[in-house]
Structures are given as C-alpha cells and as structure tokens.
Amino acid sequence: MNNLNLPPAKHFINGEWVDAASGQTFLTYDPATEQPLAEAAHGGVADVEQAVSAARRALSGAWGQMLPKERGRFLYAVSQEILAQREELALLETLDSGKPLTLARREVEGTARYFEYYAGAADKIHGEQIPLGRERLDFTLREPMGVTAHIVPWNKPLNILARSLAPALAAGNTAVVKPSEQTPLTALKLAQIFARLDCPPGVLNVVNGFGEEAGAALAGHTAIDHLTFTGSVPTGREVMKAAAEHIKPVLLELGGKSPLIIFADADLETAVAEAMRGITINCGQMCSAGSRLLVEASIRQPFVALLLAQLRRLRIGPGVEDVEMGPLVSELQFERVSNHIEIAQSEGAEIIYGGERPPHLPRGYFILPTLFDRVLPDMHIAQQEVFGPVLALTTFNDEEEALNIANNIPYGLIAGVFTQNISRALRMASRLQAGQVFINQYYTEDEEMPFGGYKQSGFGRSKGLVALHHYTQIKNIAVKL
Ligand code: NAD
C-alpha cells in the first residue's frame, strides 16, 4: 500500500495541520487483512478546545462576510474536487472500512452530490414577511446557528459527514468534525480539499480521536451552538445528556431495525432482490438495513427458496476485489454480530443460512450473510439492531398483523412495503411508524428525500431542504411604522 496517498496523522484546525496536543497517535486497520493501514492523531479535550475556538473566530472573519452566493460557489467547487478525487477517496474508504469499491465510489459520488445540492440552496435560505396590518412591519431572518459540531460513525464515513456538513456550511455556519476512530482518514482528505480551495481558516476543523475523549469533549462543549450526532442509540443518549448540560440543540440520527413487508401479491423477484440488497449492502452495517423480513405466510416457501439461491451466489471478499460484500469493519463488530447470532440461536430462532465465517476467508472480519427463519416478533433477533448481514424472517397472515409486528419495536427509521395493491400500500405507508416508507422498492440514497427517525431512531431530519432548518435559527423583527 506504499502508493497510497494517505492524509497526515494530524488534526486540521484553523486551516493548519497540527499534532495532537498529547503528541499521541493511534492506528487504523484494514478489516479485510487485519493489518494496520495508517496512523491518526489521538485527540482529546485540548484539541477540541482549539478547534471550537478556531470555528468561533471564523464566524466573524472572511467566511462570515462572504455573500451566500459566494458560499454556494465554494461548496460547488468542493463537490467538483471530490468528484475529481473519486478514485483516491473510494480506495481509502474501502481500505479503512472494508466496503466494496463500487459501493465506496457511489458513496463518494453521494458526498459530492450533498455539496452540489446544498451549494444550490446557499443563496435561497431566507425569512418571510408576516402581515400585521399597515402600521407594522414584521419579518423574520434566518441566521446561522454558529459553531456546529458533527460526530460521525464509521459505516459511511465521508458520505454521512457530508450529509450534515454541507447544509451546515451552506447556511453560513462553521464546523468541528469528529470522525469515528475506526475510519479517521477520508474526513482529513476532505479537509485537504478545503485547504486546496483556499477555504478561510477555521470554517472546517477535523479532530480525530476516540468517542469517550474527543467525542465527549465536543458533545459537552459549552461554546458549540448545534450538534449533529449519527451513531448508536446508547451513544446518542450520552451525547444528548452532554448537550443538555449547556442547552444545545441536537439532531440525532440513530439506529434502526427496519422491516420489509412482503404481501402474497408482490412481484416476488423484485422483493427478493430488494431484500438481498437491503441486508448485504455494506455488509449489513447500515442504519437503514432491511433486517426484518415480514412475509405473508402463503408465500414463505417460494420466497425463502429464491432468497437462499441468491444468498448462496453472493460474492464475498476484500473490498478492493470489488466483490458484492466485504468484511465487517472491525474485530469488535465481528464479535458483536457473532454474539447476536448466538443469542438468537439460544432463543430458538432457526438459522437456515450462514451464521459463520465464509470457509474460504480465514483472515479478516468476514461473515456469511445469515438468515434466521421462524422468528417470533418479540425475540432478541427481531427487536435488536445487529448492524451486520443478519436477517430475521417472520410470517404474517393479514395486513393488521403485519402492521402490528412492524410497529411493535423501539426503532422507526425505514420500512418497505411490497404489494400490487396500491390502496393497501398507501394504507400501510400512512400507519407505519418510520421516517421513510418505500413501496415496491427498498431504501434509496436520494439526497433530496428527508431522512430521519421515529421513536428511538432519533429526531430531526437530514437530507433535502428540510435539513437546512436545523442549521439556522429564526429571528423575528417587529417594526412600528
Ligand atoms: P457509535 O455510537 O459507537 O459511535 C458514533 C460516533 O460517536 C463515533 O465517532 C464515536 O467515536 C462517537 N462517540 C462514542 N462515544 C461517544 C461519547 N461518549 N460522546 C461523544 N461521542 C462519542 O456508533 P458506530 O458504531 O460508529 O455506528 C453504528 C451505529 O450508528 C448504528 O447504531 C447505526 O444504526 C447508527 N447509524 C445511524 C445512521 C442514521 O443516519 N440514522 C447512519 C449511520 C449509522
């Protein structure tokens, strides 16, 4: 990997590359080989302090004075530079996280698209005039929040960062980013792009480090003005508590346990293909993974037969070989997924495919896609997020039963409904407790669609124009004429 163009093992603060205040670094690993890939700066309280101060100063500097249309042009230039570096960014993401190259490329393109989309919005964020009669003029301003913090998970490191960073910057904020300690590299490459495009110092700051140190320092910092957290429910709870200490607003994008509901009249081949994609993409490490299959009892047998045939054909291997499914991200994640599988078996759920490492891959954190059959709705494997390629299949007999099973869970991120009956599809869509409902397809990445959770999957909405509301605050101005 000597020809890899790695970013420096430093933080990016105030437009400069700086060592961690402690002088320490940590290693990141390639999950396909279990070998070290690169070093990253080991940040803590002091580094976060520097980054937040730089972001605060940048608000009153050149960035604060830039016209919205100029901000838009800058963000568009970022999108174009990301596309120009697509191959390099995708390779780095593949090596750091394990995902297949084609998927990594798509995520990089999606990253560019976030910057392009919000570039176009930067000069269209405005208030409104409120009619209060001839003697008074009342209007609102939409002002930036100020310093925004972004705590990012490892499953789509660059793409998820862009999802919150691009709207935050489009609205005129500055940012401090804490990438996951599992995947620290591509956020630094993005910082290199910002530097190359002469972004004013302090607008984007990247501090690497572990959650309990750098992450906690950022979440509990009194001088941030908004926090976007994407990650697990338990961490989200901690982050929300820390932000509550200083009454800071949070946008929480948390976990999921999303159902695909397949009625007997559905196009079976489409439903099976979408079920496969929904659980094998990124090795099931997706908040939006379709990890619960609710199948009408009368079609269980043909559905399972088709699904098994596809599971057996899946090409698994290192992401650089551009297979269909790579490894899990880390040893810890491998242990977590294996543990969920053991608990499911101990509760009596029946494995009909997978449940173990692929025999041809003795090294790396590889696992076969796993299908549990005859799962009861209250079993562990039907209720808990696995964050791996593990499917739990439950049958139902009618619409009402399907809906009850789908909704009887603490999460509410996504749902898919497969049926030829449009009235039933829309009835289900209106009663499903999920932030996005897909009909006759499963999750798509479109950056324009509002995305976010019901219940413990979080609150607030990313993507689309609606995301911009999180990164502005409204001031009402009333004039007596
Ligand atoms: P995680 O909660 O372990 O970590 C997420 C981030 O939080 C990391 O950067 C980590 O360093 C940081 N962190 C950890 N402890 C912290 C603390 N005490 N204070 C502040 N920050 C802290 O999650 P993960 O394992 O990286 O990601 C997997 C989870 O993320 C899954 O539950 C998945 O569903 C969820 N996720 C949700 C979405 C969404 O959009 N809803 C997208 C991707 C992932």
Side-chain angles (χ1 to χ4, degrees), residues 26 28 40 42-45 48 96-97 99 107 110 114 149-164 176-184 186-187 206-221 224 227-245 248 250-258 281-291 328-330 332-337 340 384-388 410-414 434-436 443 445 447 449-463 467:
F26 64 95
T28 178
H42 187 144
V45 173
V48 166
D96 211 8
S97 69
K99 66 185 76 237
E107 287 182 14
Y114 280 124
H150 306 256
I151 300 181
V152 185
W154 45 258
N155 64 326
K156 293 165 69 184
L158 188 60
N159 188 279
I160 285 182
L161 167 57
R163 188 172 82 184
S164 61
V176 179
V177 171
K178 210 297 281 172
S180 168
E181 54 272 37
Q182 305 286 350
T183 50
T186 44
V206 180
V207 176
N208 267 313
F210 291 79
E212 311 75 49
E213 299 165 5
L218 187 55
H221 203 293
I224 61 166
L227 173 66
T228 305
F229 172 80
T230 311
S232 63
V233 171
T235 313
R237 192 173 288 121
E238 290 309 308
V239 158
M240 195 173 162
K241 281 185 201 160
E245 192 59 36
K248 301 300 179 189
V250 291
L251 193 175
L252 294 184
E253 293 284 7
L254 307 178
K257 186 82 185 175
S258 300
I281 187 170
N282 212 24
C283 201
Q285 300 165 118
M286 298 282 278
C287 53
S288 49
S291 51
L328 294 163
V329 75
S330 62
L332 176 63
Q333 195 60 15
F334 186 86
E335 281 166 10
R336 282 180 182 157
V337 172
H340 282 294
Q384 300 298 319
E385 183 184 45
V386 173
F387 223 54
Y411 297 104
L413 201 52
I414 315 272
Q436 287 190 334
Y443 180 66
E445 288 284 353
E447 290 76 14
M449 290 180 187
F451 174 84
Y454 277 43
K455 302 192 268 188
Q456 290 190 19
S457 291
F459 54 79
R461 291 293 176 268
S462 303
K463 302 188 173 183

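Just so you know, ligand 1 is whichever comes first in the structure, and atom 1 is the first atom listed for that ligand. Keep in mind the model is a prediction, meaning the values are calculated, not measured. In this chain, numbering begins with 1 at the start of the sequence shown.
Annotation: atom 3 (O) of ligand 1 to nearest protein heavy atom, T235 OG1, 3.8 Å. P153 CB, 3.5 Å is the protein heavy atom nearest to atom 27 (O) of ligand 1. What sits closest to atom 18 (N) of ligand 1 on the protein, heavy atoms only, is G211 O, 4.0 Å. At the top of the distance list for atom 36 (N) of ligand 1, counting protein heavy atoms only, stands C287 CB, 3.6 Å.
Of all the heavy atoms in G256 and S457, the pair that sits closest is CA-OG, 4.0 Å.
The aromatic rings of H42 and F26 lie perpendicular to each other, with more than 60° between the two planes, well past the 30° mark.
The closest approach between G236 and ligand 1 stays at or above 4.0 Å for every heavy atom of the residue.
Of the heavy atoms in V152, only backbone atoms (N, CA, C, O) come closer than 4.0 Å to ligand 1. If you look at T230 next to ligand 1, the close heavy atoms, those under 4.0 Å, come from the backbone and the side chain alike. At a 4.0 Å heavy-atom cut-off, ligand 1 does not touch S288 at all.
Taking any N or O of E385, backbone or side chain, at least one lies under 3.5 Å from an N or O belonging to ligand 1. Among the atoms of E181, some N or O lies under 3.5 angstrom from an N or O of ligand 1. In terms of polar-atom proximity, defined here as any N/O pair under 3.5 Å, E238 makes no such contact with ligand 1. For W154, a nitrogen or oxygen atom sits less than 3.5 Å from a nitrogen or oxygen atom of ligand 1, counting backbone and side chain alike. Where the criterion is an N or O separation shorter than 3.5 Å, residue side chain and backbone included, V239 fails it with respect to ligand 1. Here's the thing with R163: one of its N/O atoms is less than 3.5 angstrom from an N/O atom of ligand 1. Checked against a 3.5 angstrom limit, the closest N/O atoms of L254 and ligand 1 fall inside it.
For H221, there are no ring pair (Phe, Tyr, Trp, His ring centres under 6.0 Å) partners at least two apart in sequence or on another chain. In this structure, the ring pair (Phe, Tyr, Trp, His ring centres under 6.0 Å) partners of F387, at least two apart in sequence or on a different chain, are W154.
Stacking of K463 on the aromatic ring of F451 is recorded, both the 6.0 Å distance cut-off and the 45° axial limit being met.
Of the inter-residue distances, the one linking L413 atom CG with K257 atom NZ reads 13.0 Å to the nearest 0.5 angstrom.
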